Each structure stands twice: as structure tokens, then as C-alpha cells.
Amino acid sequence: MPPSSDLLSDVSEVLLTEEQIAAKVSELGRRISLDYAGRELTLVSVLKGSLPFMADLMRSIDLPLRIDLMEVSSYGGTSTESSGLVRILKDLSAPIQERDVLVVEDIIDTGLTLNYLLRYLRGKNPRSIAICTLLNKPARRLVEIPLDYVGFEIPDAFVVGYGLDYGEVYRNLRFVGVLRPEAYQS
Ligand code: IMP
Ligand code: MG
């Protein structure tokens, strides 16, 4: 079923189509499979935005792997700006000590959320830790973060779909689109 036309009418431009996303996810999966050949990966997905990406990416990786899920929320910011104050709503369910960890993110914007999360995860003594993000919005970066795998660099616009939300809505769109400012202003 296609999403209701209400959801679609709030999108001013399709930035990435379902087909472009699928091709990129396969490519990322191939690269990760080669880079980690002979090792056992732990994918740590950061809910909720990275849920569709995680589900597709894990099936594109040809390695024995485990998954774990974390959920964080930033607080003290606004609905379209993060503050860097991060609360852990759901923690890892298994230790990552001595494991090769790949953090799976939907989007890196200011970098504040991931910066916090990386410090937290490094404290758990993984063997290695790398980052895979579907989207990168470098224009607004406030902290330098080494990104190992990036799907797409996108311009400074608020985007929704393929997991990304505004006010918890739009996550189920199959594409990534730019949200009309009218949908979040006023
Ligand atoms: P950062 O801490 O500024 O890097 O923000 C990271 C989080 O903010 C992401 O995981 C998203 O949940 C949210 N975010 C940042 N930019 C967007 C966007 O354009 N659309 C939807 N969510 C966004
Ligand atoms: Mg997120």
C-alpha cells in the first residue's frame, strides 16, 4: 500500500528514491563484507531512525554477525535541532567487549548524538568500533567524527522517510524526501 497522500504532500522533493537507496545499501554491504572478512561483526543500530536501514543492511552483509539495538533521545533541543544532551532509553543487551562493532546510524547532522554514543561504547572496550551512516549532512557538523561508511552526503535540509521522522511521523515512506518547511514551522 502506498502511504496516504497527506504524507506525500508534505514532501517538497524526493532526494533519494527507493531504488537509489537499495543500490547503495547493497554496495555498503559488499564493502563491509570485504573489509571484515574472517571476522565476526556486531551491528549496533541506533533506534528508531536506523531501523529500515539496519534491516536492509544486515541482509546485504555476507558474514556471521550479531545485532544489538540501542535507543537514545536527545533532549533540550528543538524538534529539528539536536542539543547534544543524550539520554539512553534502551541499552545494549549483550557485552561488546573484544568485539568488532559497527554502529549503524540513519543520519549524522551536528554529530553531537553520535559523539556521545561513541564515548559510551568505547568505554565498553570493544576490539574495534566503526560507523556506518546512511546519510551525512556535513554542513551542520559541530564535532569531528570519523565516518567509515557513508551512503549519501546530503545538503542542509530537513529530510524524512526510510526511518527518518518529524514528530515520529513519515518513517514509513520508502524514499528520503525534503520536508516542506510549512510542515514543521508554525
Ligand atoms: P545530531 O546529533 O545533530 O547529529 O543528530 C542526529 C539525530 O538527529 C539523528 O539520528 C536524527 O534522529 C535527527 N536528525 C538530524 N537531522 C535530521 C533530518 O534531517 N531529518 C530527521 N531527523 C534528523
Ligand atoms: Mg536518530
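Numbering of ligands and ligand atoms starts at 1, following listing order. Positions are given from 1 along the sequence. Computed from a predicted structure; not experimentally measured.
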_Salt-bridge criterion met for R30 and E27 (N-O under 4.0 Å)_ = no
For ligand 1, which atoms sit closer than 4.0 Å to a heavy atom of [X]?
{"X": "E105", "answer": "10 (O)"}
{"X": "L164", "answer": "21 (C), 22 (N)"}
{"X": "A157", "answer": "19 (O)"}
{"X": "T113", "answer": "1 (P), 2 (O), 5 (O), 6 (C)"}

*asked:* Walk me through whether F158 and Y184 qualify under ring-ring contact (aromatic ring centres under 6.0 Å, His included).
replied: CA-CA 10 Å; F158 195 81; Y184 57 85; 5.7 Å; yes
Side chains of [X] and [Y]: do they bring a donor and an acceptor to under 3.5 Å?
{"X": "S93", "Y": "D68", "answer": "yes"}
{"X": "T42", "Y": "R66", "answer": "no"}
{"X": "E153", "Y": "N136", "answer": "yes"}
{"X": "D106", "Y": "Y162", "answer": "no"}

Ligand 1 contacted by [X] (non-hydrogen, < 4.0 Å):
{"X": "D165", "value": "yes"}
{"X": "L114", "value": "no"}
{"X": "R140", "value": "no"}
{"X": "V159", "value": "yes"}

*Out of F158, Y166, Y116, Y170, indicate the one that has the non-hydrogen atom closest to atom 18 (C) of ligand 1.*
F158
*Are V104 and L89 joined in one hydrophobic group, where the rule is that I, L, V, M, F, W and Y side chains link up if heavy atoms are under 4.5 Å apart?*
no
*Using distance alone, determine whether G111 and ligand 1 share an N or O pair under 3.5 Å.*
yes
